[in-house]
K.L.:
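I have a structure I would like to understand better, so I am pasting it below and will then ask my questions one at a time.
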Amino acid sequence: MIDLLALCAFNAAYAEAIDSDELERWPDFFVEDCHYRITHAENERDGLPAGIVYADSKAMLQDRIAALREANIYERQRYRHLLGIPLLQQAEGEHAKARTPFLVVRIMATGETEVFATGVYVDRFVRQDGQLLLASRVAVCDSTVTDTLMALPL
Amino acid sequence: MIDLLALCAFNAAYAEAIDSDELERWPDFFVEDCHYRITHAENERDGLPAGIVYADSKAMLQDRIAALREANIYERQRYRHLLGIPLLQQAEGEHAKARTPFLVVRIMATGETEVFATGVYVDRFVRQDGQLLLASRVAVCDSTVTDTLMALPL
Amino acid sequence: MIDLLALCAFNAAYAEAIDSDELERWPDFFVEDCHYRITHAENERDGLPAGIVYADSKAMLQDRIAALREANIYERQRYRHLLGIPLLQQAEGEHAKARTPFLVVRIMATGETEVFATGVYVDRFVRQDGQLLLASRVAVCDSTVTDTLMALPL
């Protein structure tokens, strides 16, 4: 069974990959036919499927990182993810559902540091060949105001 | 014995209930004759019992939520709790004492996001019929300046 | 073997000692011939050994706290550490390597609350006589802009 500690360890590795700018490793936290979405709380409440970012395969996540690198946006600032303890809602065999609060801080080149985004990951995990992976991660932001620079993975 | 992982799981569920606006579930994290208080560090250091918020029963917590709903204040903004790892100070039989740092972010309708409150939960836990509950939670805020809008449960 | 839960418990105690202003206990989280450094991401990337703060023994950490107390700077504001889940990178016998994200909030006497520093602890742990201790902690700040008031231990 997938337990709380395994989810904690997974999320620590996930956040570290993004914040240490090893973005190319980010898609490897997902299964091939994954679902990944960034949306906000009101959209989610109203059942609107469209989000700020949408992907339904690992290949799309890889494309997204390639585009980020090309646009060269990401490097201009740094991010720091602080993740809460997951709420493990369901665990059965090789599957689990969990919700994990996140807070992302953005650090500009000027040193200005601000809370960039907060919200909750709504996750479905699966264990494949002994490896824990995301079948689905929906990052539900608390703010309904979209930062057009929201380029980085949440 | 109550262990660190059990406290982590408890706090994750506690924060999720508040941040997902299921406030009516909040009193259920407490025993019937609980103690709940919001205060700040200087008051606590000086042993002043009066706090920003005070309740000494689960019924008072329920009243508080009912009042919040009537005043309709809570819905105008969102909150996000980020809780640290508990410091388990004592665990004996069905009782435990712990301290857990908290950070609460407020998200206004305009999208403005700010650190609203930080501090530490000073907690006494008890397990009743297999269920972990708060006998006492004192939320000691770091700031001595009280926000008069501090309506939400911390 | 040193496991994830042990690191979580260690960090909770470490942060609590600093944030509750029991700074004199801070050096006790380190071995005698420890390495402690505060630096920032660009320095670290370029392999520059010089940091904002540097100590290579527990005695130097104790001196630092004594100086802080004398200068009386620390008391004018409060800090709150929020630490993420450690990424346990290696654990063998009585040794472990880990990376842990941190966020430190500063609370001024006026009540103003701001994100003061974010970054990652790059740690080497050792267990001596059954007690987990830091052989080395390098606090790598995300911001390259040094606050000259960065007086407190990170």
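Throughout, protein chains are lettered first and strands after them, A, B, ... in sequence-line order, and every chain is numbered starting at 1. These numbers come from the heavy atoms of this one structure, side chains and all, not from hydrogens, waters or symmetry mates.
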K.L.:
To the nearest 0.5 Å, what is the distance between OG on C/S143 and CE on A/M108?
P.N.:
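Answer for the OG-CE pair, C/S143 versus A/M108, is 11.5 Å.
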K.L.:
With chain C as the partner chain, list the residues of residues 81-93 of chain A whose heavy atoms fall under 4.5 Å from it, by residue number, and write 'none' if nothing qualifies.
P.N.:
A/H81, A/L82, A/I85
K.L.:
For the atom pair CD (A/E114) and OG1 (C/T118), what is the distance rounded to the nearest 0.5 Å?
P.N.:
11.5 Å
K.L.:
Between atom NE2 of C/H40 and atom CD1 of A/I107, what is the distance when rounded to the nearest 0.5 Å?
P.N.:
13.0 Å
K.L.:
Please identify which of these residues, C/V120, C/V115, C/L103, meets the side-chain contact (heavy atoms from CB on, under 4.5 Å) condition with A/R80.
P.N.:
C/V120
K.L.:
Surrounding CZ of A/R124 (heavy atoms of other residues, nucleotides or ligands, distance under 6.0 Å), is the total greater than 12?
P.N.:
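No.
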K.L.:
Counting a contact as any heavy-atom pair under 4.5 Å apart, which residues of residues 3-11 of chain A contact chain C?
P.N.:
A/L5, A/C8, A/A9
